[in-house]
Amino acid sequence: MEQSVSKQQIRSYIIQSQEEEIKRISLELHEGVGQNLYSILTGLQFVESGLSQPHLKNYLHEMTQLIEKTIQEIRLLSVELHPPALTTLGLLPAIKSYIKLYTSTFGVLVDFESIGEEKPIQEQKSVAVFRVCQEALTNIAKHADTSNVKMGLIWKEEELRISIIDFGGGFVADELENNAVTLGIAAMKERMLLTGGQCVISSKIGEGTSVEISLPLLEGKES
């Protein structure tokens, strides 16, 4: 038992350390690199406004457009790595924010519904649930061959339940090779186990895939 608990603590520590590093990189991209590029952009725009030679003015305009595009890409990457809303506003706003980014990036529409009153969740557990949802949605965009997803949150006093259902081609778990998809699925299940919750994935060929997530919300129910 002690050995089992020790391994679980190590896995939890590794995941938490990774999340802290991801959070740091996300903040550096947004506050550091992003802000520096924005300063360069405003400087170029100022120079452009004072130029009279058309060829130089056109060249600078092209440069400012490229920097604007780069700033936008950095912002999107920063949000995808660690959405600010997750820390400041909580899980539900972070998921809603990510869905907008997800749809604009992949073109997959998400029919989203949240039932019940949102409950406070420890940040470490909130991050775990967010990552599982993020992995599920990314898998759908890359492998499910569908443009529609149904996602629902049900808030109860003692438990949060999340379902993510696609209407794609589905798969047979036993036939999956040991690749990024199977590792991703294993990581989803592991993350939820470390929070005291569960992640159950079921799929049928031609009928799509469903991901069911459950997270206990009361400390006494997590053992």
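Below, all heavy atoms of this structure are taken into account, side chains as well, without hydrogens, waters or symmetry copies. Start at 1 with the first residue, then count along the sequence.
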Review point. Quick one: are Val149 and Phe106 in side-chain contact, heavy atoms under 4.5 Å?
Key: no
Practice item. Check the hydrophobic clustering (I, L, V, M, F, W, Y; side-chain heavy atoms under 4.5 Å; chains of links allowed) and say if Phe112 and Phe167 are grouped together. Key: no
Check your understanding: Atom CZ in Arg191, atom NZ in Lys125: separation rounded to 0.5 Å?
Key -> 15.0 Å
Point to revise | Atom NZ of Lys150 with >12 non-hydrogen neighbours under 6.0 angstrom | key: no
**Study point:** Residue pair Pro83 / Ala94: nearest heavy atoms and the distance that separates them
**Key:** CG-CB, 4.4 Å
Exercise for review: Report, as yes or no, whether the 6.0 Å neighbourhood of atom CD on Gln35 holds more than 12 heavy atoms from other residues, nucleotides or ligands.
Suggested key: yes
Check your understanding: So, Lys189 side chain and Cys199 main chain: donor-acceptor pair closer than 3.5 Å or not?
Key -> no
Point to revise | Separation between CD of Glu212 and CE of Met192, rounded to the nearest 0.5 Å | key: 12.0 Å
Practice item. Identify the heavy atoms of Ser203 and Gly208 that sit nearest to each other, and give their distance. Key: OG-O, 3.2 Å
Check your understanding: Roughly how far apart are Ile165 CD1 and Asn148 CG, rounded to 0.5 Å?
Key -> 12.5 Å
Revision key, fill the gap. Smallest heavy-atom separation, Pro93 atom then Glu118 atom, equals CD-OE2, 3.9 Å
Exercise for review: Please check if atom CG in Asn58 has more than 12 non-hydrogen atoms from other residues, nucleotides or ligands closer than 6.0 Å.
Suggested key: yes
Point to revise | Cluster link Leu217 to Ile95, ILVMFWY, side chain under 4.5 Å | key: yes
Review point. Does Glu117 CD have over 12 foreign heavy atoms under 6.0 Å away?
Key: no
**Study point:** Minimum-distance pair of heavy atoms, taken over all atoms of Met151 and Leu153
**Key:** CE-CD1, 4.2 Å
Exercise for review: Compare all side-chain heavy atoms of Leu44 with those of Ile67 and state whether any distance is below 4.5 angstrom.
Suggested key: yes
Point to revise | Step-by-step side chain to side chain contact (heavy atoms under 4.5 Å, CB included) determination, Leu160 to Leu91 | key: CA-CA 11 Å; Leu160 167 63; Leu91 179 63; 3.8 Å; yes
Review point. Going by heavy atoms in the side chains, are Thr70 and Ile74 under 4.5 Å from each other?
Key: yes
**Study point:** Gap separating the OG atom of Ser214 from the CD1 atom of Ile162, nearest 0.5 angstrom
**Key:** 9.5 Å
Study note, to complete from the structure: Minimal heavy-atom distance between Pro216 and Gly197, with the atoms involved, is CD-CA, 3.8 Å
Exercise for review: Indicate if Leu56 and Val47 have the same hydrophobic cluster label, given that clusters are the connected sets of ILVMFWY residues with side-chain heavy-atom separations under 4.5 angstrom.
Suggested key: yes
**Study point:** Reported NE2-to-CZ distance for the pair His82 and Phe130, which is rounded to 0.5 angstrom
**Key:** 8.5 Å
Review point. Hey, does the side chain of Ser147 reach the backbone of Val108 with a donor-acceptor pair shorter than 3.5 angstrom?
Key: no
Review point. Should Val129 and Ile121 be marked as a side chain to side chain contact (heavy atoms under 4.5 Å, CB included) after you check the CA-CA gap, both sets of side-chain angles, and the distance that decides it?
Key: CA-CA 10 Å; Val129 173; Ile121 302 176; 5.8 Å; no
Point to revise | Co-membership, hydrophobic cluster, residues Tyr98 and Leu89, 4.5 Å side-chain | key: no
Check your understanding: Between the main-chain N or O of Leu101 and the side-chain N or O of Thr105, is there a donor-acceptor pair closer than 3.5 Å?
Key -> yes
Exercise for review: Verify, without hydrogens or angle tests, whether Asp166 (side chain) and Thr209 (backbone) share a donor-acceptor contact under 3.5 angstrom.
Suggested key: yes
Check your understanding: With a 4.5 Å heavy-atom cut-off, do Met188 and Asn139 have their side chains touching?
Key -> yes
**Study point:** Same apolar cluster: Ile40 and Leu51, side chain cutoff 4.5 Å
**Key:** yes
Review point. If you measure from OG1 on Thr64 to OH on Tyr59, what distance do you get to the nearest 0.5 Å?
Key: 11.0 Å
Point to revise | Shortest non-hydrogen contact from Ile164 toward Cys133 | key: CD1-CA, 3.9 Å
